[in-house]
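This is the structure, below, for whatever I ask next.
Lettering follows sequence order; numbering is per chain, from 1.
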2 protein chains.
Amino acid sequence: MTGSGQGKTPHCPVGRVLGLRERKKLEAWRTIRSTALRLISECGFDAVSVEDIATEAGVSRTTFFTYFRSKEAVVYDLDPQELQQWRELLADAPGDEPLWEALTGLVLSLAELLADRLPLQKRLFQQSPELCDSSRDVCDSFGPDLREWVARRTPDGDELHAALVINTAFAAFNTAIEAWDPDDSFDHFLDLARDCLRLAGGGLARSVS
Amino acid sequence: MTGSGQGKTPHCPVGRVLGLRERKKLEAWRTIRSTALRLISECGFDAVSVEDIATEAGVSRTTFFTYFRSKEAVVYDLDPQELQQWRELLADAPGDEPLWEALTGLVLSLAELLADRLPLQKRLFQQSPELCDSSRDVCDSFGPDLREWVARRTPDGDELHAALVINTAFAAFNTAIEAWDPDDSFDHFLDLARDCLRLAGGGLARSVS
DNA sequence: TAAAATTCTGTACTGAGTTCAGGTTCAGGT
DNA sequence: ACCTGAACCTGAACTCAGTACAGAATTTTA
């Protein structure tokens, strides 16, 4: 907190240094998010209003909505730094693997990125089904990036195939989340996700019954 | 409108006769629905309020919400009679076909059931993306039935597989809806849906690239 | 035709999300 | 250090979706 020898020279090993403004912004984001998750996990999603969250986080209701576009978003959105990691994952993804395999890898990496928040999120989903519903395609933070990544790897004129691949991968991932018990280990969740992706990619028509 | 010789004897060929109460209810449902679709397709989903719809349909705002659980529902929900047809389809579905094939057939039948409203709906989706998002799993009317149908055909302990199959089928169906141009023929949509279902069921990992 | 059951309506409320004018804080140049 | 413009935060006022409820109107039944 007390300016510790970071005078003028940007020695920061990872990325560039953040100005005061940006640091405060990130801090505010995290304060709001953690306050929200705490209140919501204590009282339930519906029992907590945006006003409650804002007040408790020491910020105005209006400010809440400049950070999060909806009340649900505060549960779903990726931390800005996680988002950056996710973008790096996408950028570094190998270009020679078959599409579905590469996609499987990405989705599993994403899961690991979310690891610490997933059990809580799953518990919130169990509490309020409507929250669960709205999560479907409000993969606001990573969805668009991933779509673009797939599109870039898709030969022209096969947008249908690209869309199908993405939607199916999401379906598999969501199925794993639905099936997972948050009291089980995270590795168990990864196994579930792997299974779902393998089955969905490998041909459901061919599987048992 | 003027009671036309339906005195007391229920001669109605299809199902049992409806009492005055039930007839009025169905009529009100359809008035609200068609009014809503007309207004919304004229002005856009966001530009029309529930109040507008209710007033124009000659009914109170409160009544609107006894018929439709949300503003979106008035776009999605199945007509009560269509819902009945859909249930009959489920009941009559052959039990010997492999699961994925049977499911494909059902989904395609469902599409035909929705045929006349689909172009309009697709146009509305294009107008307001948020409406589109919310449609994901707000398959409120037929979703639960279909899930139950699949569950009944699934051996015990394989709920994961059942969920995966359903979610993947929805993903394929939604992909077809997304890709479809409502100015194209409905048959073209059916072809798209068929393709998506075949690909998703047949193994995306095996397909090109 | 009277009583019982349903349905409709107006009113009032909560809470999400937006807009906006004005105040506060930060960044960069002098 | 100071000034200026830009970014940011805030409170207030607003729209609209969705819910609760009490009483009026209508349909059913007996």
Side-chain angles (χ1 to χ4, degrees), chain A residues 3 6-8 10 16-32 35-36 39-40 43-77 80 128-131 133-134 138 140, chain B residues 3 6-8 10 16-32 35-36 39-40 43-77 80 128-131 133-134 138 140:
Chain A
Q6 192 164 290
K8 268 178 178 173
R16 56 181 178 58
V17 253
L18 303 168
L20 213 201
R21 206 142 226 174
E22 276 168 311
R23 248 181 299 133
K24 279 201 170 180
K25 218 171 150 181
L26 184 56
E27 195 193 352
W29 192 97
R30 288 186 172 146
T31 305
I32 298 174
T35 306
L39 290 181
I40 291 176
C43 316
F45 186 77
D46 298 320
V48 175
S49 72
V50 171
E51 178 119 39
D52 296 336
I53 298 171
T55 304
E56 186 80 9
V59 107
S60 86
R61 218 175 68 88
T62 311
T63 299
F64 175 95
F65 282 109
T66 69
Y67 282 92
F68 300 94
R69 68 164 46 129
S70 70
K71 189 185 171 188
E72 284 87 31
V74 84
V75 177
Y76 302 136
D77 275 6
S128 64
E130 31 170 297
L131 179 63
D133 283 350
S134 66
V138 189
D140 267 343
Chain B
Q6 190 165 292
K8 267 178 180 173
R16 54 179 179 59
V17 253
L18 304 167
L20 212 201
R21 208 143 228 175
E22 276 168 311
R23 248 182 298 135
K24 280 200 167 179
K25 217 169 151 182
L26 184 56
E27 194 192 354
W29 192 98
R30 289 186 171 147
T31 304
I32 297 175
T35 305
L39 290 181
I40 290 177
C43 316
F45 187 77
D46 298 321
V48 175
S49 72
V50 170
E51 178 120 39
D52 295 335
I53 299 170
T55 305
E56 186 79 10
V59 106
S60 87
R61 216 175 69 90
T62 312
T63 300
F64 175 95
F65 282 108
T66 68
Y67 281 93
F68 299 94
R69 67 165 48 133
S70 69
K71 190 185 172 189
E72 284 86 31
V74 84
V75 176
Y76 302 136
D77 276 6
S128 64
E130 32 170 298
L131 179 63
D133 282 352
S134 67
V138 188
D140 267 344

Separation of atom CD in Glu27(B) from atom P in dC8(C), rounded to whole Å | 11 Å

Listed by chain and number, what are the salt bridge (charged side-chain N to carboxylate O under 4.0 Å, His left out) partners of Arg21(B), not counting sequence neighbours?
-> none

Hey, does Phe68(B) reach any base, or is it just sugar-phosphate, or nothing, if we go heavy atoms under 4.0 Å?
-> nothing

Sequence neighbours left out, what passes side-chain contact (heavy atoms from CB on, under 4.5 Å) with Ala28(B)? Give chain and number order.
-> Tyr67(B)

Considering residues at least two apart in sequence or located in another chain, which fulfil the side-chain contact (heavy atoms from CB on, under 4.5 Å) criterion with Ser60(B)?
-> Thr62(B), Thr63(B)

Assess whether atom CZ of Arg69(A) is packed by more than 12 heavy atoms of other residues, nucleotides or ligands within 6.0 Å.
-> no

For Thr66(A) and for Asp46(B), locate the closest nucleotide of DNA chain D by heavy-atom distance; then report the residue assigned to the nucleotide nearer the 5' terminus.
-> Thr66(A)

Within the pair Thr63(A) and dT10(D), is there a side-chain N or O less than 4.0 Å away from OP1 or OP2?
-> yes

Hey, does Ser49(A) reach any base, or is it just sugar-phosphate, or nothing, if we go heavy atoms under 4.0 Å?
-> sugar-phosphate

Separation of Phe64(B) atom CZ from dA17(D) atom C1', in whole Å?
-> 10 Å

Does NZ or CZ of Lys71(B) fall inside the cone over Phe65(B)'s six-membered ring, less than 6.0 Å from its centre and within 45° of the axis?
-> no

Taking only residues at least two apart or on different chains, which pairs with a member in residues 55-66 of chain B satisfy salt bridge (Lys or Arg N to Asp or Glu O under 4.0 Å)?
-> Arg38(B)-Glu56(B)

Give the rounded distance in Å between these two atoms: CZ of Arg61(B) and P of dC8(C).
-> 16 Å

Taking Watson-Crick and G-U wobble contacts under 3.5 angstrom, with | marking pairs to another strand and [ ] crossing pairs, the secondary structure of DNA chain C is written ||||||||||||||||||||||||||||||

In chain order, what residues pass the ring pair (Phe, Tyr, Trp, His ring centres under 6.0 Å) check against Phe64(B), with sequence neighbours excluded?
-> Phe68(B)

Check the distance between dT18(C)'s P and Phe65(A)'s CZ and give it to me in whole angstrom.
-> 7 Å

Candidates dA17(D), dG17(C), dG11(D) - which lies nearest the side chain of Glu72(A) = dG17(C)

Expressed in angstrom and rounded to an integer, what is the separation of Ile32(A) atom CD1 from dC8(D) atom P?
-> 13 Å

Nucleotide dG15(C), atom P - distance to CG of Asp52(A) in whole Å | 8 Å

Mark up nucleotides 25-30 of chain C, 5' to 3', with B wherever a protein heavy atom is under 4.0 angstrom from a base atom, S wherever such an atom reaches only the sugar-phosphate, and - elsewhere.
-> BBS---

With DNA chain D as reference, determine whether Phe45(B) or Val59(A) sits nearer its 5' end, using the nearest nucleotide of each.
-> Val59(A)

Roughly how far, to the nearest 0.5 Å, is the CD1 atom of Ile53(A) from the CG atom of Leu39(A)?
-> 6.5 Å

Report the residues that fulfil side-chain hydrogen bond (donor to acceptor under 3.5 Å, both in side chains) with Asp52(A), sequence neighbours left out, ordered by chain and then residue number.
-> Ser49(A)

Of all residues at least two apart in sequence or in a different chain, which pass the salt bridge (charged side-chain N to carboxylate O under 4.0 Å, His left out) check with Glu51(A)?
-> none

dT7(C) P sits how many Å from Arg23(B) CZ, rounded?
-> 15 Å

Donor/acceptor link under 3.5 angstrom from Ser70(B) side chain onto base of dG18(D) = no

Separation of dA7(D) atom C1' from Tyr67(A) atom OH, nearest Å, is 11 Å

